[in-house]
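Working notes, beginning with the structure itself.
For the numbers below, each heavy atom of this structure counts, side chains included, while hydrogens, waters and symmetry mates do not.
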Amino acid sequence: MDSPAFSLQGLNSEQRKAVTATEGPVLVLAGAGSGKTRVLTYRIAYLIRELGIPPFEILAVTFTKKAAIEMQERIQKLVGQVHGVWLGTFHSSFAKILRHEAPAFQYSPNFVIYDTDDQCRLIKMIMEELDIPVSRFHPKAIQGAISQAKNRLIAVEQYFNQSGNPFEDAVIHIYPEYQKRLRENHAFDFDDLITVPIKIFKQYPDILCKYQKRFQYILVDEYQDTNKAQYELIRFLSKKSRNLCVVGDDDQSIYGWRGANIGNILNFESDFPETRVFRLEQNYRSTKNILAAAHAVVSRNQGRKSKKLWSENPQGEKIEIWEVDDEREEAFKVVDKIQEEVFKHKRPFCDFAILYRTNAQSRALEEGLRRSGMSYIIVGGVRFYDRKEVKDVLAYMKLIVNPRDTISLKRVINFPTRGIGDASLRNIEIWARKNNIRLFEALARSNEIQGISGRAKTGIKHFYDLIVKYTSLSEKISPAELTHTLIEDSGVLRNYKEEMSLDGQMRIENINELLKAVQDYTEETENPTISGFLEEVSLVNDVDQWNDKSNAITLMTLHSAKGLEFPVVFITGLEENLFPLSRSIEKTEDLEEERRLFYVGLTRAKEKVILLGAQNRRLYNNHEARLPSRFLDELDQNTCNFFSTHSIRSTGDLLKRDQQYIEDGIMPDYESFSQEVGSERLLAGQWVMHDMFGKGQILNVHGHGSKEMVTVKFKNGVQKKLIVKYAKFKLIV
DNA sequence: CGGATTTAACTTTTT
DNA sequence: GTTAAATCCG
């Protein structure tokens, strides 16, 4: 193996100490931009190269796949190709262990992983069976409660001991059934990937022992984001060797709502006696100004370890704070500043990140960017693998690998339509349950079941044969080939081709994109299997896919931005009730988490930060006046410059400004706005009386001002597109 | 039974 | 503005 010489040069003294303290528990408190990943990668390299530790004795866990890949690449740069280090996310690493140990808990090694959507479907099914109306409790809320319980490792009985609350009662009933169904379907949810290994380790000491021996050195990245379950798991595994190194920053703990327990990092020293603590406080990323501002904010939090980042970087420009009129002007201002920066400093677009608290805010920003013609990428929102058409194909694949997966079965048994309606399906289910036969196997015996039409029977036979055929095929041909023929054979592709709509075309493109992903996977993986691909897919997120090579402005939530850096960062929507979010304001811990989120946002920037807040914002369908975020007051005022585009005092002014913008061609016609303020607001569904055609109903409204058009369906069945300005009709109230 | 059309609800952050 | 569920009709 040909590899570069390894040395610890290029590390500062504290980093070097953290890297070489290989034995015993180690806590590295690594502030933002202080070389956290550097320490982790050097440490792994050091273990292998200097101490001669076999790579397979090292387990390194991260939170995102992107972080894992980055570490892998950097280790490779340090010591060349290394095989055998277990380096992955929490979820993927333990999914791997679960597949190994599947026989121990009577699961198929091809078990499927249910995402939130699958979980909700299952919960909904259970609720229907238990006669709990879905309208009363959202399956989503139930799912959240179950997830919380799992993450905190609290048994349900214990969690909801004081009953009487109808919601908790519902959870008490649903939870055990839910777990039972997961088992029947040979499925795990996300949280199971962490909690089930704990159960196995407790139940089978020999299995635990095996992994304790195997993983002599354990490293955990982003330790501040671990929850109770993850903490327990790590504690179990490191008990023998005691060589546990965790790296984190309590100031960057932003996943409390997901069960992350900031106490894990704050109490590490007491939980692991003889811990050696190293503090990385030199920041290599940001200017002094940015650091000062960020420190002023985060130091207001009570529950934190005291520390202060310092830097040898230049002072840098002051932070700009812009108060704008509304979200549209916010977008214009962002565009404006980007143009200025591009012009002044010849910056490429990929230098910029626009961050926001909620995904919903991306729309207005996107609109502004689109108008300006600058290229941008939105990370987040609807995920690729959450798209309906993609999930449909995945459901077929899941079913082929694991026919017990009834959630996937129900999803695609009648998609594309095969004449199998609700009634038929229900009859099969009842029959299967009565005869104690698995749902999928029952399909083969539809002849014996009452109440199924002839059409449904042929459909069922086709479907069953299709799945069986592909199950056996999956052992002979590659995942890529299989998927390719599957989308033809199942009729999924045909179904969308027949749609002939723009929508259908996009769906086909997405399916092709999925196909490409399978292809890539097949080529890159040593032993490609369908279930391997499915696992990979269920554990990726959008940031993982985001490719920083393209020259585009990045739009993402503050949460997604963690771990990344950009020369110029915009943080938008700095308004009370948005950032901090309204529901976080009351509880101190929640507010502190929001503040940490702000801190994370600020420290993403290398050179320049621009903060924006609007005085009016239209969000979730109503617009309202807004107050500046309290976080703006918390900044160190010496590091900031305040600007305002404040020129508008009334709705009338706002209208005038918009008219001007439209005339100048700065702003496109916003039909939504015209509908809001027009005296005669035209909406789909309203009835009109036309001089010539008589009575009719508006189907939709589009365009604005003199170009405003409506489609009306008249009583005589004729549909007409009419230009409002010229058409002679009246609204019937 | 299935397709089309209409209505309603929903938006915090995500492995 | 989007998506899922409900409803209606052939």
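- Residues A/Tyr114 and A/Asn185 bring a donor and an acceptor atom of their side chains to less than 3.5 Å of each other.
- Closest contact between the side chain of A/Arg357 and the listed nucleotides B/dT15, B/dT13, B/dT14 involves B/dT13.
- Checked against B/dT14, C/dT2, B/dT15, the side chain of A/Ser560 finds its nearest nucleotide in B/dT14.
- Atoms CD (A/Gln361) and C1' (B/dT13) sit 11 Å apart, rounded to a whole Å.
- A close approach under 4.0 Å does not occur between any side-chain nitrogen or oxygen of A/Thr116 and OP1 or OP2 of B/dT14.
- For A/Arg363, counting side-chain heavy atoms from C-beta on, the closest listed nucleotide (B/dT15, C/dG1, C/dA5) is C/dG1.
- One interatomic measurement links the two molecules: CZ of A/Arg596 to P of B/dT13, which rounds to 18 Å at whole-angstrom precision.
- A/Gln119 and A/Lys140 form no side-chain donor-acceptor contact under 3.5 Å, judged by distance and modelled atom types alone.
- Relative ring orientation between A/Phe631 and A/Phe598 is described as parallel, the plane-to-plane angle staying below 30° on a 0-90° scale split at 30° and 60°.
- Between A/Gly419 and A/Thr557, the one whose closest nucleotide on DNA chain B sits nearer the 5' end is A/Gly419.
- Closest to the A/Thr358 side chain, of the nucleotides B/dC1, B/dT12, B/dT15, is B/dT12.
- A sub-4.0 Å separation between OP1 or OP2 of B/dG2 and a side-chain N or O of A/Asn414 is present.
- Taking atom CD1 of residue A/Ile146 and atom P of nucleotide B/dT15, one finds them 21 Å apart after rounding to whole Å.
- Atom NZ in A/Lys140 sits about 7 Å away from atom P in B/dT11, given to the nearest Å.
- Residues satisfying the side-chain contact (heavy atoms from CB on, under 4.5 Å) criterion with A/Lys457, sequence neighbours excluded, are A/Ser446, A/Asn447, A/Ile452.
- Straight-line distance from the CG atom of A/Asn227 to the C1' atom of B/dT14: 12 Å, rounded to whole Å.
- The separation between A/Asn359 atom CG and C/dT2 atom C1' is 14 Å, rounded to whole Å.
- At the heavy-atom level, A/Ser424 lies under 4.0 Å from the strands shown only through sugar-phosphate atoms.
- Whole-Å rounding puts the A/His559 NE2 to B/dT12 P distance at 13 Å.
- For B/dT15, the OP1/OP2 oxygens have no side-chain nitrogen or oxygen of A/Thr64 closer than 4.0 Å.
- Atom pair A/Phe190:CZ and B/dT13:P shows a separation of 16 Å (rounding to whole Å applied).
- A/Leu597 comes within contact range of no nucleotide atom at all, as no heavy-atom separation falls under 4.0 Å.
- The residue among A/Gln143 and A/His138 whose nearest nucleotide of DNA chain B lies closer to the 5′ end is A/His138.
- Judged by distance alone, with hydrogens and angles left aside, the side-chain atoms of A/Glu576 form no donor-acceptor pair with the main-chain N or O of A/Leu627 at under 3.5 Å.
- If you check distances only, the side chain of A/Trp257 does reach the base of B/dT13 with a donor-acceptor pair under 3.5 Å.
- Side-chain nitrogen and oxygen atoms of A/Lys562 include none within less than 4.0 Å of the OP1 or OP2 phosphate oxygen of B/dT14.
- Using a 3.5 Å distance cut-off with no hydrogens or angles, the side chains of A/Asp191 and A/Ser147 do pair a donor with an acceptor.
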